[in-house]
Amino acid sequence: MSAAATGVGPAFWLLAVGIIGGALGVVLLRNMVQSALCLGLVLLLVGGIYLNLHADLLAGFQVLLYVGAVVTLVLIAIMLIHNLAARYVVQTNQRWGLGAVAAVASGALLVWAINDTRWPVTLRPVDYSEQLRQFCLALLDKYILPFEVAAVVLLVALLGAIVFAQQTERSE
Amino acid sequence: MSDPAASAAVQPYLLLSAVLFCIGLYGVFSRLNAVGVLMSLELLLNACNINLIAFSRYCDRGVELARFGGTALGAQGQVLALLSITIAAAEAAVGLAIVISIYRSFRHINVDDLDLLRW
């Protein structure tokens, strides 16, 4: 499958190689700090994929929310948990072989299904300002309820995180 | 409209997403500590988001706007991806708070040995 046939540029392939390499680093590296930094790289490059798909607003959200917030949270958790960052701790359970077989099998199924399906693609030109306007209109029109519910969920989840993580007096 | 050449436009994104999903799946299966499992879950969610944005770019039929009128084209998948990113942030916050809370009680976060509720 060459770049000329599929119409995606070399930027996509560079991003794809980076994403897959970084993702392998996330799941295979033994040092959790390096693993978390690989996660940050993968999330940043996924933002690049969004730019490649002309979803620049989502790329901004990706960088702000994932790379800015989630990776920071993960790094702070690793810092707080003693000897998680130790270099030579075994990080896989005994069933990793079974997990690899399951992952490869589901991957083969997905690739077969993707190649077997004829996707109903409509190619249309990109109009950035119009696209942003329609995104906002859709968010405030048809998807206003999910939007509000997501806001409430985020508030409740962050309050719950504070409740879980705070030091409590142990009442026996 | 759905000729094979146009259909191939969306395929590289879907294949990338499938590979990323499987790597994340392997991570969820094989990681011993809960933070590693949560990081692999982020990979899974990102694979889904790539799919949503790719379909939003290439396969969107538009969504009827009841109040503003007209049809918003290419917005459906992006709205879904935005909600997904929001929920993923909430999930990471709650998940890591639970992990830290577990670590306080057990002094480890080995997911194989957290069998307090198993009989």
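Per chain, numbering begins at 1; letters A, B, ... match sequence-line order.
- The structure places CD1 of A:I114 at 5.0 Å from CG of B:L14, a figure rounded to the nearest 0.5 Å.
- Only the side chain of A:L65 comes within contact range of chain B, with at least one heavy atom under 4.5 Å from a heavy atom of that chain.
- Of the options A:V27, A:L39, A:V70, a side-chain contact (heavy atoms from CB on, under 4.5 Å) to B:M39 is made by A:L39 and by none of the others.
- With a threshold of 4.5 angstrom between heavy atoms, B:L38 does not approach chain A through any atom at all.
- In this structure, chain A has heavy atoms under 4.5 Å from both the backbone and the side chain of B:Y13.
- The choice from A:L28, A:L15, A:L80 that makes the most heavy-atom pairs within less than 4.5 Å of chain B is A:L28.
- B:I109 and B:I100 sit in two unconnected hydrophobic clusters of ILVMFWY residues. Membership requires side-chain heavy atoms under 4.5 Å apart, directly or through other members.
- In terms of heavy-atom proximity, A:I81 sits nearest to B:V99 at CD1-CG1, 3.6 Å.
- Using modelled atom types, one side-chain atom of B:R104 and one backbone atom of A:A165 make a donor-acceptor pair closer than 3.5 Å.
- Using a 4.5 Å cut-off between heavy atoms, A:A69 does not touch chain B at all.
- Atom CZ of A:F61 is separated from atom CD of B:Q78 by 10.0 Å, given to the nearest 0.5 angstrom.
- Here CD1 of B:I50 is found 8.5 Å from CG of A:L53. Values are rounded to the nearest 0.5 Å.
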Under 3.5 Å, which donor-acceptor pairs do the side chains of residues 138-162 of chain A form with other protein atoms, sequence neighbours left out?
from   : atom 1 : to    : atom 2 : distance (Å)
A:D141 : OD1    : B:A66 : N      : 3.2
A:D141 : OD2    : B:A66 : N      : 3.3
A:D141 : OD2    : B:R67 : N      : 2.8
A:D141 : OD2    : B:F68 : N      : 3.0
A:Y143 : OH     : B:Q76 : NE2    : 3.2

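- Residues B:N46 and A:Q62 bring a donor and an acceptor atom of their side chains to less than 3.5 Å of each other.
- Taken from CD in A:Q134 to CG in B:L65, the straight-line distance is 8.0 Å, to the nearest 0.5 Å.
- A:L137 touches chain B through backbone and side chain together, each having a heavy atom under 4.5 Å away.
- Heavy atoms of A:V26 lying under 4.5 Å from chain B belong to its backbone as well as its side chain.
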Evaluate side-chain contact (heavy atoms from CB on, under 4.5 Å) for A:W96 paired with B:L32, printing each intermediate quantity in order. CA-CA 9 Å; A:W96 65 269; B:L32 193 57; over 6 Å; no

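- Side-chain heavy-atom separations under 4.5 angstrom define the hydrophobic clusters, and the remaining members of the one that includes B:L80 are B:L52.
- Of all non-hydrogen atoms in A:A77 and B:L96, the two that sit nearest each other are CB-CD2, 3.7 Å.
- Separation of atoms CG (B:D60) and OG1 (A:T122) is listed at 7.5 Å; rounding is to 0.5 Å.
- Using a 4.5 Å cut-off between heavy atoms, A:V111 contacts chain B through both its backbone and its side chain.
- Across every non-hydrogen atom of B:L25 and A:A103, the tightest pair is CD2-CA, 4.3 Å.
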